[in-house]
Amino acid sequence: MSEDRAHGFAPLLGATPRVLLLGSLPSETSIARGEYYGHARNAFWPIVAALLDFDADAPYAERVAAVTAAGLAVWDVLATARRPGSLDAAIETATEQANDIAALFRRQPTLGSVLLNGGKAETLFLRHVVRRQGLDVPRLRLPSTSPAHAAMRFAEKLTHWRDAFAAAGLLARAESRE
């Protein structure tokens, strides 16, 4: 990465996304792999796979297809920022450039709410999307799936994410019967 500037990815969108899940900015590992949540210790894929009933170890394209088929879109609040390393705390505020999330909501009228993957995503969403882009939609902050958020066990994170997915109508049929 030139000058420690990280660049995000295009959003993962299906035909009729209902919920937008936002992270902050992809990690160095994710950027190197060209995949959302590419770090092996990130709990995103294991959690989402458990809730949407697919194999967390399936090839990336299959995981993306399962997520988007369920009505979940995935993106990051930031398009780019200077960040030495991968920690959210290292993002340099003055260099933050947000994705145009308000425009995505205008282009995708089926989108109705936002799930935020962690506190930094929430802070960035409030700063760049609510205040600057003028988009204020129903939103919920979830515990970060990052391996840096080790204070909460996987099972506890899964419970929070399950509750949010249930409320949003995203759970796989088998999961919703439990």
Side-chain angles (χ1 to χ4, degrees), residues 6 8-79 86-88 99 101 104-105 108 110-125 129 137-178:
F9 307 126
L12 303 179
L13 295 169
T16 56
R18 297 186 316 275
V19 178
L20 176 60
L21 181 109
L22 291 169
S24 54
L25 187 65
S27 69
E28 288 182 328
T29 301
S30 294
I31 292 168
R33 294 183 66 165
E35 299 179 358
Y36 278 98
Y37 303 101
H39 193 287
R41 290 191 351 244
N42 193 299
F44 176 82
W45 290 111
I47 287 173
V48 174
L51 299 176
L52 300 181
D53 195 29
F54 66 87
D55 180 1
D57 295 321
Y60 183 68
E62 290 177 27
R63 290 180 279 149
V64 168
V67 164
T68 57
L72 184 64
V74 179
W75 209 10
D76 286 301
V77 177
L78 296 180
S86 290
L87 294 177
D88 281 347
N99 282 308
I101 294 164
L104 178 66
F105 269 77
Q108 298 288 336
T110 56
L111 279 173
S113 63
V114 168
L115 296 176
L116 297 154
N117 190 350
K120 185 66 170 190
E122 180 182 46
T123 298
L124 294 168
F125 184 82
V129 182
V137 296
R139 63 186 175 276
L140 177 64
R141 180 178 113 190
L142 294 168
S144 175
T145 59
S146 169
H149 181 48
M152 185 180 288
R153 294 180 349 264
F154 177 86
E156 191 175 353
K157 289 180 185 184
L158 180 61
T159 297
H160 286 282
W161 281 68
R162 178 181 287 120
D163 292 346
F165 274 43
L170 292 172
L171 286 182
R173 287 189 177 100
E175 170 71 22
S176 62
R177 286 193 297 262
E178 291 181 6

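What you are looking at is a predicted structure, and each value in this text was computed from that prediction instead of being measured.
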* Sequence neighbours left out, what passes side chain to side chain donor-acceptor pair (under 3.5 Å) with Arg18? Give chain and number order. => none
* **Point-to-point distance, once rounded to the nearest 0.5 Å, from CG of Asp88 to CG of Leu124** => 7.5 Å
* If a pair satisfies salt bridge (Lys or Arg N to Asp or Glu O under 4.0 Å) and one of its residues is in residues 151-160, list it, with sequence neighbours excluded. => none
* Please report the shortest heavy-atom distance between Arg139 and Phe125, naming the atom on each side. => CD-CE2, 3.4 Å
* Taking side chain to side chain donor-acceptor pair (under 3.5 Å) as the test, write out the residues that go with Asn117, two or more places apart. => Tyr37, Thr145
* Structure fact -> Residue set satisfying side-chain contact (heavy atoms from CB on, under 4.5 Å) with Thr110, at least two apart, ordered chain then number -> Thr16, Pro17, Gln108
* Between Arg41 and Pro147, is there a donor-acceptor pair closer than 3.5 Å when you use the side chain of the first and the backbone of the second? -> no
* **Leu87: side-chain contact (heavy atoms from CB on, under 4.5 Å) partners, not counting sequence neighbours** => Ala148
* Structure fact -> Residues Leu22 and Ala121: closest non-hydrogen pair is O-CB, 3.6 Å
* Structure fact -> In this structure, CD1 of Ile47 is separated from CG of Leu52 (nearest 0.5 Å) by 11.5 Å
* To do: Identify the two heavy atoms, one from Ala166 and one from Leu171, that lie closest to each other, and give their separation to 0.1 Å.
  => CB-CD1, 3.6 Å
* Might you point out which heavy atoms bring Leu25 and Ala6 nearest each other, and give the distance in Å? => CD2-CB, 3.5 Å
* To do: Can you sort out the partners of Glu122 under side chain to side chain donor-acceptor pair (under 3.5 Å), two or more places apart, ordered by chain and number?
  => Arg141
* Measure the CG-CH2 distance between Leu13 and Trp75 for me, rounded to the nearest 0.5 Å. => 8.0 Å
* **For Asn99, all residues meeting side chain to side chain donor-acceptor pair (under 3.5 Å), sequence neighbours excluded** => none
* Pick one: which of Leu170, Leu115, Leu21 meets side chain to side chain contact (heavy atoms under 4.5 Å, CB included) with Trp161? -> Leu21
* **Leu104 side, atom CG; Leu111 side, atom CG - distance, nearest 0.5 Å** => 5.5 Å
* Contacts of Pro138 that satisfy side-chain contact (heavy atoms from CB on, under 4.5 Å) - sequence neighbours left out -> Ser113
* Structure fact -> NZ (Lys120) and OG (Ser144) are apart, to the nearest 0.5 Å, by 12.0 Å
* Please report the closest heavy-atom contact between Pro26 and Ser30, naming both atoms and the distance. => CB-CB, 4.0 Å
* Can you name the closest pair of heavy atoms from Trp45 and Ala56 and give their distance? -> O-CB, 3.8 Å
* To do: Could you tell me the separation between the CG atom of Leu72 and the CG atom of Leu12, rounded to the nearest 0.5 Å?
  => 9.0 Å
* Run the side chain to side chain contact (heavy atoms under 4.5 Å, CB included) check on Phe105 and Leu20 step by step: do they pass? -> CA-CA 9 Å; Phe105 269 77; Leu20 176 60; 3.8 Å; yes
Result block: side-chain N/O donor-acceptor pairs under 3.5 angstrom for residues 60-70, not counting sequence neighbours:
from, atom 1, to, atom 2, distance (Å)
Tyr60, OH, Tyr36, N, 3.0
Arg63, NE, Ala58, O, 2.8
Thr68, OG1, Val64, O, 3.0
Thr68, OG1, Ala65, O, 3.3

